[in-house]
Structures are given as structure tokens and as C-alpha cells.
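Each chain gets a letter, A, B and so on, in the order the sequences are listed, and its residues count up from 1. These numbers come from the heavy atoms of this one structure, side chains and all, not from hydrogens, waters or symmetry mates. Being a predicted model, the structure only gives us computed values, none of them experimental.
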Amino acid sequence: MTAVLEVQNLSVAYRMQGGALQAVRDVSLSVARGEVLGIMGESGCGKSTLAAAMINLLPAGARVGQGAVRLNGTDILRLPPAAQRALRGKSVAMVFQDPMTAFNPVLTIGRQLADFVGAHDTGLAQPERLAAMLTRVGIPDARSCLGRYPHELSGGMRQRVAIAAALLMQPDVLIADEPTTALDVTMEAQIIHLFRDLRTSFDGAIVIVTHHLGVIAELCDRVAVMYAGQVVEEGAVDAIFHDPQHPYTRALLACDPAVVDPSSGRLPTIGGRLPDLSAPPRGCAFEPRCRVAAVSCREPVPRQRPSAGRSVLCHRGAE
Amino acid sequence: MLAYAIRRVGLSLLILVVVMTAMYGMVFLVPGDPASLALGPRATPELKEVLRERMGLDQPILAQIGIFFGNVLQGDLGTDVWSKRPVLDQILEVFPRTLLLGVVALGWALALGVLLGCAAVVWRDTVVDRMLGVLSVSVISVPSFVIAIYALILFAVWLNWLPAIGAGEAGDFASQARALILPAFALGLGWVGYLARLIRASMLEVMEAPHIRTARAFGMREGDIVFRHALRVAIVPTLSVLAVGFGGILSSAVFVESVFSRPGIGTLITAAVEKRNYPVVMGTVLFMTAFYLMIVTTADLLIARLDPRVRDVLRS
Ligand SMILES: Nc1ncnc2c1ncn2[C@@H]1O[C@H](COP(=O)(O)OP(=O)(O)OP(=O)(O)O)[C@@H](O)[C@H]1O
Ligand SMILES: [Mg+2]
């Protein structure tokens with residue numbers, strides 16, 4: 001399989017008073033057509049920053065230190081702005097976390113979808129086409145939805161509209177940053193269901209950022225586990241869920257409410273906090289919180305590749 | 001929406017009543033007896049008494065106010081002490097000129113202000129942005145009558161491009177238009193700067209909004225985002241400022257009309273104040289207050305229409 005999207009040794013830092021916060025550190029990932037890649041990790045580990053870097057639409061203050069983001073082989077980080085813009089929405093589309101604020105409050109849904117598509121091909125911005133896509137993502141009465149304002153739709157409906165918008169140009173890559181986090185449980189289930197349908201009907205690659213293990217288990221083929229800006233473990237979902245090798249992955253899986261023994265009456269948590277990302281440690285970033293840490297863990301960590309398609313960033317994982 | 005409209009209009013009417021009462025009271029606090037002034041220094045006490053009676057000045061103050069309200073409701077703003085002409089006729093004669101001046105001034109200021117404000121956002125933190133900032137603040141801080149005087153000296157006296165005084169030949173559109181250019185320029189210039197700053201600030205806030213990031217993520221051009229998506233959101237708060245601003249423009253028009261000796265509300269009221277022609281002063285102030293309240297109320301209702309969220313809150 002050839003990768004449509006390939007992130008190579010990417011580092012992103014936020015400029016701050018007295019230094020830089022290294023939000024993404026030396027991340028390499030790739031995703032192929034028809035494949036669904038999950039990115040998971042606790043809050044603040046750099047998932048959103050990584051997702052934004054994939055379309056080079058980072059918040060003000062963020063700088064790409066090194067690395068490349070190749071879309072069909074072209075490094076988009078080094079393209080001129082106009083060429084980058086031409087790819088956004090057309091070759092790679094994004095669905096954001098909060099559907100409440102993702103749309104312009106004073107323009108109708110139809111007008112916004114038309115403007116998004118019209119940025120690339122005005123010929124495609126006809127109401128019939130827009131409505132057909134809304135129907136496809138499960139919006140009843142799509143025609144009237146085009147004439148509505150965002151606040152007239154529920155959160156789940158808005159997220160469907162966001163997904164429809166992303167699919168309109170038939171992109172090669174669809175990136176969804178926490179597409180279900182802002183929704184309540186029933187709506188979350190519906191959106192997960194919609195993504196599951198997309199696995200068969202959409203032929204591009206999908207990247208889903210989430211901290212919801214259920215989403216990963218339901219939808220993804222492969223998963224990258226992030227910690228403190230690094231991918232600490234990566235591999236097929238089944239393999240990682242059944243045989244997690246990084247202590248952080250193990251701890252994360254043990255915290256899943258779905259697998260915890262209800263009789264214990266409380267959720268386990270991972271003790272300690274994320275390290276200070278403005279001065280990340282030389283060795284393993286998880287070492288202070290790790291149960292199996294040894295002195296050697298303070299040394300720079302080599303990436304282990306225990307089997308094909310699997311990588312672990314741990315001294316102990318190799319043992 | 002209807003309930004809101006009724007409430008909003010009712011509030012305006014209440015303000016109007018308060019203004020009328022306050023104004024009537026104030027005229028009597030100002031030194032100088034209107035009847036003596038109207039008749040001049042050589043009037044006999046008997047003559048003054050007759051005039052006072054005719055003007056209703058011999059009645060108790062509450063009765064006077066009652067009569068005043070009654071007259072206003074019938075569309076009678078009083079009679080000019082000097083020319084004996086109805087005040088409303090005089091106002092309606094000159095008001096269209098002032099209105100035209102105000103509309104043209106605010107119109108060009110809005111068009112240019114929005115454009116420059118957006119330009120400052122598209123090129124934010126560049127030389128363009130900084131230069132626009134300095135220019136805006138400079139034109140805001142100069143009063144419009146000062147601009148009027150310098151514009152008059154430069155364009156009318158030295159360069160002789162445009163007429164210095166008057167409102168142009170009656171019936172000659174080109175001449176009237178030429179006579180409008182300098183006053184409208186002087187009156188609107190400060191507002192260009194003000195609106196540019198206002199739009200820029202409002203727009204910068206909007207440009208941080210997640211929906212703008214969405215628009216960028218779909219590859220929309222920055223110019224399209226600014227003009228098609230952000231401006232619609234940013235213009236809403238500007239609208240109410242614009243309505244209040246129109247009141248400000250009309251009061252600055254008083255000075256600008258004086259500088260250019262241009263017939264209008266400004267010239268009418270300045271002349272009336274000088275002569276203590278108090279029915280004209282009161283009638284004009286009342287008329288302008290009513291007009292101003294009408295504009296502000298309309299703007300509020302328009303905002304409610306433009307912003308679908310406000311519309312829905314009001315509907316429920
Ligand atoms: N605009 C910003 N300016 C400065 N620092 C930022 C900014 N955005 C994020 N960060 C910091 O960068 C780090 C990574 O943030 P990021 O939003 O990528 O994490 P995340 O994994 O998406 O977290 P979450 O699950 O909360 O969304 C965090 O430490 C965060 O505080
Ligand atoms: Mg995030």
C-alpha cells in the first residue's frame with residue numbers, strides 16, 4: 001500500500017515567553033487509501049497540533065521546527081500559500097471537534113457549503129449536489145437544511161453537516177479531530193455509525209483523533225498512541241489492544257471505563273502529570289510516571305520495531 | 001419580533017417625551033425673556049405683555065407644557081417669532097439638504113472605512129496595517145469643522161476646483177453635486193478613520209473564531225473569507241454605532257454648514273440661537289431628536305433581522 005498522507009519526523013513548537021513549548025516531537029506516521037488511522041492520547045499530548053499540521057493550518061504562534069507532511073508525495077509545508085490553499089478542502093479535508101462553533105452563525109448552511117466547494121470549483125456548488133451529500137450523511141429533509149442557520153440544527157446534525165462538507169470534494173484524506181467529543185452519548189453513537197459506513201463508501205484515507213478508546217476499537221485499522229508530543233506506540237488496533245507493549249499504552253487501556261471491573265467501584269488513573277514540554281526530558285518522557293522504569297530510562301530512547309507495522313518507543317519494550 | 005418592535009418604539013416615544021419636557025423647562029432657565037427679545041429694546045411693557053399672552057407665557061408652566069404637547073401632537077411646532085412662519089415649514093424646507101449631506105458623508109465614509117478596515121485585516125501587522133492605523137487616528141482626532149476650513153482654503157480658494165459656499169444653483173444637479181463634495185468630504189473624513197478602526201477591531205476578533213478556521217480549512221481565499229464570511233459577522237456591532245454616529249454626523253453638520261454657508265438645519269438653528277428665536281430652536285431640536293430616535297430604533301430592528309440568533313431569541 002502506498003501512503004496518501006505521510007508525516008515525517010515532524011516537530012511543532014509554540015512560541016512562549018522564555019522558550020518554546022514542544023507540542024509535537026519527531027512524529028512519523030503514514031496512512032494509505034482505504035485505511036483508518038486513529039491517533040489517541042490524553043489531553044495536551046499534541047493530537048490537535050499534529051492534526052492541524054497535517055493541513056498546515058496551525059494556530060498563531062506555532063512553528064514547524066523540522067520534518068515534512070507529504071500529501072501524495074508532495075511536501076505541503078514547503079508549497080507556496082496559494083498551492084497549499086488549493087489542496088485544502090480538495091485533497092485533504094478536516095472535521096473539527098466543536099460543531100457548535102465550526103460554522104458561521106450568520107450564513108445559511110447552504111451558503112457556507114457552496115462557498116467551501118466554490119473555493120475550488122464553482123461548477124460543483126449546486127444545491128442539488130449539496131443536498132445529495134447531506135442526505136448521504138443521514139440528514140433528513142436536506143433541501144430545507146440548506147436554508148437553515150447553524151444554530152437551528154442540533155450538535156449531531158451540525159457534525160453531520162461538517163462531515164458532508166468534508167466529503168463534498170471527495171478528498172484523498174479526511175482528518176477528524178475529536179469528531180464526537182462535543183456530542184452527547186446518543187449523538188456520538190450516531191456519528192460513530194456514520195464513520196463506520198464511510199469505511200466502506202469512502203475510498204480515501206481517514207485520520208481520526210480521539211481519546212475515546214471505543215472510537216478507536218470501532219473504527220480504526222491502525223492506531224498511534226501519543227504521549228508528550230511523541231508517538232510512543234503504533235500498530236494495528238487489534239495487536240495494540242491485545243498486546244500493548246508501551247507502559248503508557250497499557251495504563252491508558254487499563255483506564256478505559258468499558259474494561260474496568262465495575263465491582264472495584266472506581267476508575268484507575270495514571271498518577272502524575274505530563275512533563276513540562278518547554279524542556280522535555282532527554283530520556284523517556286513517561287519515565288517519572290512509569291511503574292517499570294529503570295535508571296536506563298533516563299537515556300535517549302531508541303524506537304523498537306518488534307514486528308512489521310509495529311513500533312514502540314521504550315527501553316523496556318525491547319526486553 | 002413584533003413585541004420587541006413595539007417595546008423598542010415605545011421606549012423611543014418615552015425618551016422623546018422626556019426630552020420635550022426637559023427642553024421646555026430648560027428654555028426658561030436660560031436668561032433673557034423671549035418676549036422682550038422678540039420685540040427689541042424699544043418695546044413698551046404693554047406690547048410685551050400682549051406678546052407673552054399670545055405665546056402662552058402668562059400661563060402656569062404645567063399648562064404651558066400641556067399646550068406645547070398638544071400642539072406638537074397636531075404637527076404644530078410653533079411659529080417663528082420674527083418671520084411669523086410655522087417652524088415646521090422652515091425645518092422641512094432645509095432638512096432635506098442636511099439629510100443629503102449627512103447621508104452622503106456617512107455613505108462614502110462607510111464604503112471607504114469598511115474597505116480600509118478589511119484591508120488592514122488582510123494585511124494585518126504589515127506596513128499597510130500600521131500606516132492605515134496612523135492615518136485613521138489622525139483623521140479621527142481632527143474636528144470636522146477644522147477639516148472643513150482647510151478643505152475650503154485648499155480646494156476652493158487656492159486650487160479653485162470647487163465652490164466655497166452655498167448649496168449650488170437651484171435645479172442644476174451638477175452644480176449642487178459639486179457644492180456637496182467639500183462639505184461631505186469634511187464631514188465624513190473623521191468617520192472613515194473611525195469606521196476603519198472599528199471594522200478592523202471587530203473583524204480581528206471574528207477572524208479568531210473557529211468558523212473562520214473552518215473556512216480556511218476548506219481552502220477559501222483570505223479575501224473571500226474577510227469579505228464574504230467575516231464581514232457579515234463583524235458589521236453587526238458596527239450598525240448600531242453607525243446609527244448613533246448618524247446623530248453625531250448631523251450635529252457636526254451644524255458646524256460644517258456654517259463654514260460653507262450652506263443652507264440646512266445647522267444654519268437654521270445657529271441663526272435662531274443667535275436671535276433667541278426660541279420656537280425655532282425648540283422645534284428644530286425636537287425634530288432632530290425625533291429623527292435621531294427613529295434612526296437608532298430602525299437600526300436596532302435591522303440588527304435583529306440581520307443576526308438570525310438575535311431574531312430567534314426575540315421570537316421566542
Ligand atoms: N495556541 C496555542 N498556543 C500555545 N500553546 C498551545 C496552543 N495550542 C495548544 N498548545 C499547547 O500545546 C500542547 C498540545 O496541545 P494540543 O491541543 O495539540 O493537545 P491535544 O492532544 O489536542 O489535547 P486535547 O485532548 O485537550 O484536545 C498543550 O500543552 C497545549 O497547552
Ligand atoms: Mg485537541
How long is the gap from CZ on B:R213 to CG on A:L58, to the nearest 0.5 Å?
11.0 Å
What's the spacing between A:R85 CZ and B:M220 CE if we round to 0.5 Å?
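A:R85 atom CZ to B:M220 atom CE measures 10.0 Å (nearest 0.5 Å).
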Partner of B:H211 under side chain to side chain contact (heavy atoms under 4.5 Å, CB included), chosen from A:L107, A:N104, A:V106:
A:N104
As an exercise: rank A:D115, A:L57, A:D98 by heavy-atom pairs under 4.5 Å with chain B and give me the winner.
A:D115
Closest non-hydrogen atom pair, [X] against [Y]:
{"X": "B:F218", "Y": "A:H120", "answer": "O-NE2, 2.9 Å"}
{"X": "B:G219", "Y": "A:A119", "answer": "O-CB, 3.6 Å"}
{"X": "A:M94", "Y": "B:A217", "answer": "CB-CB, 4.3 Å"}

Just say parallel, tilted or perpendicular for the rings of B:H229 and A:F116, cut-offs at 30° and 60°.
tilted
Quick check on A:A52 against chain B: is it the side chain, the backbone, both or neither that has a heavy atom closer than 4.5 Å?
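Neither part.
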Side chain, backbone, both or neither of A:A102 within contact of chain B (heavy atoms, under 4.5 Å):
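The answer is both parts of A:A102.
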With a 6.0 Å cut-off (strictly less than), is the heavy-atom count around [atom1] of [X], excluding the residue itself, greater than 12?
{"X": "B:E208", "atom1": "CD", "answer": "no"}
{"X": "B:M294", "atom1": "CE", "answer": "yes"}
{"X": "A:Q126", "atom1": "CD", "answer": "yes"}
{"X": "B:W123", "atom1": "CH2", "answer": "no"}

Does some side-chain heavy atom of B:R228 sit less than 4.5 Å from a side-chain heavy atom of A:R111?
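The answer is yes; the side chains approach within 4.5 Å.
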